[in-house]
Amino acid sequence: MEPDLQAVTVAFWMKMALDKKDHKYIFSYAVEEDGVFLDNALTVKVDSYNEFMFMVNEQKITTTSSVRDEEWHHYAFRWSLEAFSVGKQWTFFVDGKQSTGGSEVSRGRPIPGGGTIVLGQDQ
């Protein structure tokens, strides 16, 4: 039995393509919990408008955060079981600066441990 995730940060460098294709999956974590498969236990992706979307325990977070210059940038998504600084439960950073954040996403429910990580595509 693997421990549940109380907090997690996914950080990466990426050069955004401006091709307006379908969703681009960056990070995907799936796990089976009590016989139910959660394929979006933790997901980081970009939609066809090049805006970032996140999922935590199947709960969707949509943002208008986007970079449209086809240059390399550093991105980081942070989620915690409970709120941290200034009442935020999740935050998204671009090049070290907070782009957006919020609360009430899977609050009080940890991300189940023991899952599988896939980079660059959906589970």
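Values reported hereafter were calculated over all heavy atoms of this structure, with side chains retained and with hydrogens, waters and symmetry mates removed. Residue numbers run from 1 in the order of the sequence given. Only a predicted model underlies this, so the values are computations on that prediction, with no experimental measurement involved.
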**Item:** Donor-acceptor contact below 3.5 Å, side chain Asp39 vs main chain Ala30
**Value:** no

**Item:** Polar side-chain atom of Gln89 near backbone of Val105 as donor-acceptor pair, under 3.5 Å
**Value:** yes

**N/O donor-acceptor pair under 3.5 Å between Tyr25 side chain and Leu119 backbone** = no

**Distance in Å, Ser99 OG paired with Phe92 CZ, rounded so as to fall on 0.5 Å steps** = 6.0 Å

**Separation between NE2 of His74 and NZ of Lys97, rounded to the nearest 0.5 Å** = 14.0 Å

**Prompt:** Parallel, tilted or perpendicular: which fits the ring planes of Phe77 and Phe54, with parallel below 30° and perpendicular above 60°?
**Reply:** parallel

**Asked** Out of curiosity, Ile26 CD1 to Met14 CE, how far, rounded to the nearest 0.5 Å?
**Response** 4.0 Å

**Complete:** The single option from Thr64, Val94, Thr63 that satisfies side chain to side chain contact (heavy atoms under 4.5 Å, CB included) with Thr100 is Thr63

**Message:** Using 0.5 Å steps for rounding, measure from the CG atom of Leu5 to the CG atom of Leu81.
**Reply:** 10.0 Å

**Prompt:** Is the backbone of Pro110 close enough, under 3.5 Å, to the side chain of Asn57 for a donor and an acceptor to pair up by distance?
**Reply:** yes

**Verify same cluster id: Phe27, Phe93 (apolar side-chain graph, 4.5 Å)** = no

**Item:** Distance in Å, Ile111 CD1 paired with Gln6 CD, rounded so as to fall on 0.5 Å steps
**Value:** 9.5 Å

**Request:** Flag the pair Thr116 / Val31 as yes when at least one side-chain heavy-atom distance between them is below 4.5 Å, and no otherwise.
**Result:** no

**Any Ile117 side-chain heavy atom under 4.5 Å of Ser28 side chain** = no

**Asked** Taking the side chain from Asn40 and the backbone from Thr43, do they hold a donor-acceptor pair closer than 3.5 Å?
**Response** no

**Glu71 backbone acceptor or donor facing Asp69 side chain under 3.5 Å** = yes

**Asked** Is a salt bridge present between Arg109 and Glu33, judged by a nitrogen-to-oxygen distance below 4.0 Å?
**Response** yes

**Prompt:** Do Thr91 and Arg78 have side-chain atoms, one donor and one acceptor, less than 3.5 Å apart?
**Reply:** yes

**Derivation and outcome, side chain to side chain contact (heavy atoms under 4.5 Å, CB included), residues Tyr75 and Val10** = CA-CA 8 Å; Tyr75 302 94; Val10 176; over 6 Å; no

**Prompt:** Is Ile61 reachable from Phe12 through a run of I, L, V, M, F, W or Y residues, each pair having side-chain heavy atoms under 4.5 Å apart?
**Reply:** yes

**Message:** How long is the straight-line distance from CE of Met55 back to NZ of Lys60, given to the nearest 0.5 Å?
**Reply:** 7.0 Å

**Request:** Go through Glu58 and Leu38 one step at a time and tell me if the side chain to side chain contact (heavy atoms under 4.5 Å, CB included) criterion holds.
**Result:** CA-CA 7 Å; Glu58 305 287 331; Leu38 302 174; 3.7 Å; yes

